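See structure below.
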Amino acid sequence: MKKELNRNYSELTEFILLGFRTSPDVQIFLFLFFLLIYMVIVVGNISMIIVIKIDSRLHTPMYFFLRNLSYLDLCYSTVIAPKTLATFLSTDKKISYNGCATQFFFFALCVGTEGFLLAVMAYDRFSAICSPFLYTVHMSQQACIRLVFGSYICGGINSMVQTGFTFSLRFCGENRLDHFFCDVPALIKISCADTSVNEIVLYILSALIIITTTTVIVVSYAYILSTVLKIPSTHGRGKTFSTCSSHITVVSLFYGTVFFMYAQPGAISSPQKSKIIAVFYTFIIPMLNPLIYSLRNREVKHAVKRILLRKLSFH
């Protein structure tokens, strides 16, 4: 029996992404819907990157981190979207074993890195509001680069561990993934090996990332709130705290979906719930992030106006 399992495991070279099992007409509608969202993601995040790079007034630590957030949103949605869109229109829903592992590795890298980057952005707001006179020292260019690099290192470690554990599992002939991309819960479900260790690793890593990053975020905002409440004028308090509102919104959306997806056991036993939540953080959040930071941020809106006026005056 063991020889047969090993033989089947070695012969498995591809997976079938079942995706959203609906009628052909609904598949076309879903293709157009997700294509529209992906186009908004690409345009929104590239626009944010360009605006921050062009406008010298946005060359600050806060916008340096925001530019990296846009890179990550663009990257991890691009890792998922093209294959997802292709499966809506094609009867061939296959993805190679190596392609599946590669897709998951880069997805886990980007999502893990984004979690740490959001914590770094909270620390940046803490330094700016609670220690304004030392802000340029704490958040120098070298410090910002190190913080972003450290986020990528932490995300990379998480990705390597998750990918290594997941793709060391045996898949004995069953290669149909009840998902629209290669993700841990769906892969664990079709494995014929004992997956208890993998599930424990998934929960521990997810909990570790969520606990460490949210601790930084909560502590940072606790100090920020304490500092803001000491400001005598209501206008001053509102103006100071408004610089954090976009970040708080993004953090709530991101950590809420990640928690429900990976940090609770029910995610693995509920593929339909997994797919709905996965749509939210692979498509909806990357679409909303640049909108949240542009519509709720005066500096970004003013930067866009300056760029447009410059181009109009040039013509």
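As the structure is a computational prediction, the values presented were derived from the model and not from experiment.
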Self-check item: Sequence neighbours excluded, every pair satisfying salt bridge (charged side-chain N to carboxylate O under 4.0 Å, His left out) that has a member inside residues 94-120
Solution: E14-K94
Quiz item: Nearest heavy-atom pair of L117 and V148: which atoms, and what distance?
Solution: CD1-CG2, 4.2 Å
Quiz prompt | Intermediate values then yes/no, side chain to side chain contact (heavy atoms under 4.5 Å, CB included), L72 and N68 | solution = CA-CA 6 Å; L72 289 169; N68 278 276; 5.5 Å; no
Practice problem: Kindly determine whether F180 and F34 satisfy side chain to side chain contact (heavy atoms under 4.5 Å, CB included), including the steps that lead there. | Solution: CA-CA 12 Å; F180 60 89; F34 282 104; over 6 Å; no
Self-check item: Flag, side chain of S191 to backbone of L187, donor-acceptor distance under 3.5 Å
Solution: no
Exercise. Check whether any side-chain heavy atom of F116 lies under 4.5 Å from a side-chain heavy atom of Y152, and answer yes or no.
Key: no
Quiz item: Would a distance-only check, ignoring hydrogens and angles, find a side-chain to backbone donor-acceptor pair under 3.5 Å from S226 to A222?
Solution: no
Quiz item: Is there any salt bridge (charged side-chain N to carboxylate O under 4.0 Å, His left out) pair reaching into residues 19-48, and which pairs are they, with sequence neighbours excluded?
Solution: R21-D178
Practice problem: Please check if atom CZ in F165 has more than 12 non-hydrogen atoms from other residues, nucleotides or ligands closer than 6.0 Å. | Solution: no
Quiz prompt | L118 reachable from L225 in the ILVMFWY side-chain graph, under 4.5 Å edges | solution = no
Quiz item: Listed by chain and number, what are the disulfide (SG to SG under 2.5 Å) partners of C100, not counting sequence neighbours?
Solution: C182
Quiz item: Can you list the steps and then say if L17 with K83 is a side chain to side chain contact (heavy atoms under 4.5 Å, CB included)?
Solution: CA-CA 9 Å; L17 297 170; K83 185 62 181 177; 4.0 Å; yes
Quiz prompt | Minimal non-hydrogen separation, Y76 against T282, with atom names | solution = CE1-CA, 4.0 Å
Quiz item: Can you check whether I224 reaches R125 side chain to side chain, under 4.5 Å on heavy atoms?
Solution: yes
What donor-acceptor contacts under 3.5 angstrom involve side-chain atoms of residues 57-64, with partners at least two apart or in another chain?
| unit_1 | atom_1 | unit_2 | atom_2 | d |
| --- | --- | --- | --- | --- |
| H59 | NE2 | I52 | O | 3.2 |
| H59 | NE2 | K53 | O | 3.0 |
| H59 | NE2 | D55 | O | 3.4 |
| Y63 | OH | N297 | OD1 | 2.9 |
| Y63 | OH | N297 | ND2 | 3.1 |
| Y63 | OH | E299 | OE1 | 2.5 |

Quiz prompt | same_hphob_cluster(V216, L69) at 4.5 Å side-chain heavy-atom cutoff | solution = no
Quiz item: Do F167 and Y97 have their ring centres less than 6.0 Å from each other?
Solution: yes
Quiz item: When you check the side-chain N and O atoms of Y38 and T78, is any donor under 3.5 Å from an acceptor?
Solution: yes
Quiz item: Heavy-atom distance under 4.5 Å between the side chains of N198 and L169, does that happen here?
Solution: yes
Quiz item: Taking all non-hydrogen atoms of both residues, which atom of N45 and which atom of P286 are closest, and how far apart?
Solution: ND2-O, 3.1 Å
Quiz item: Restricting to pairs with a member in residues 207-224, which pass side chain to side chain donor-acceptor pair (under 3.5 Å), not counting sequence neighbours?
Solution: T213-Y255, Y221-H247
Quiz item: For the atom pair CZ (R67) and CD1 (I50), what is the distance rounded to the nearest 0.5 Å?
Solution: 11.5 Å
Quiz prompt | Any side-chain donor near an acceptor of the partner, T195 and E199, under 3.5 Å | solution = yes
Quiz prompt | Residues F126, V219; criterion side chain to side chain contact (heavy atoms under 4.5 Å, CB included); working and verdict | solution = CA-CA 9 Å; F126 158 76; V219 171; over 6 Å; no
Practice problem: Measure across L109 and G155 and return the closest heavy-atom pair with its distance rounded to 0.1 Å. | Solution: CD1-C, 3.7 Å
Self-check item: Heavy-atom pair of closest approach, residues F181 and I80
Solution: CD1-CD1, 3.3 Å
Exercise. To the nearest 0.5 angstrom, please state how far the CD1 atom of I284 sits from the CD1 atom of I277.
Key: 13.5 Å
Self-check item: A119 versus I217, closest heavy-atom pair with distance
Solution: CA-CG1, 3.8 Å
Report, one line per pair, each donor and acceptor closer than 3.5 Å where one atom sits in a side chain of residues 130-145; sequence neighbours left out.
| unit_1 | atom_1 | unit_2 | atom_2 | d |
| --- | --- | --- | --- | --- |
| Y135 | OH | D124 | OD1 | 2.5 |
| S140 | OG | A143 | N | 3.3 |

Practice problem: Please answer whether the main-chain N or O of V43 pairs with a side-chain N or O of S47 as donor and acceptor at a distance below 3.5 Å. | Solution: yes
Self-check item: Straight-line distance of C110 SG to Y71 OH, nearest 0.5 Å
Solution: 13.5 Å
Quiz item: Distance from I16 atom CD1 to T87 atom OG1, nearest 0.5 Å?
Solution: 12.5 Å
Exercise. To the nearest 0.5 Å, tell me how far I285 CD1 sits from T257 OG1.
Key: 3.5 Å
Exercise. Output the distance between atom CG (N289) and atom OG (S77), rounded to the nearest 0.5 Å.
Key: 10.5 Å
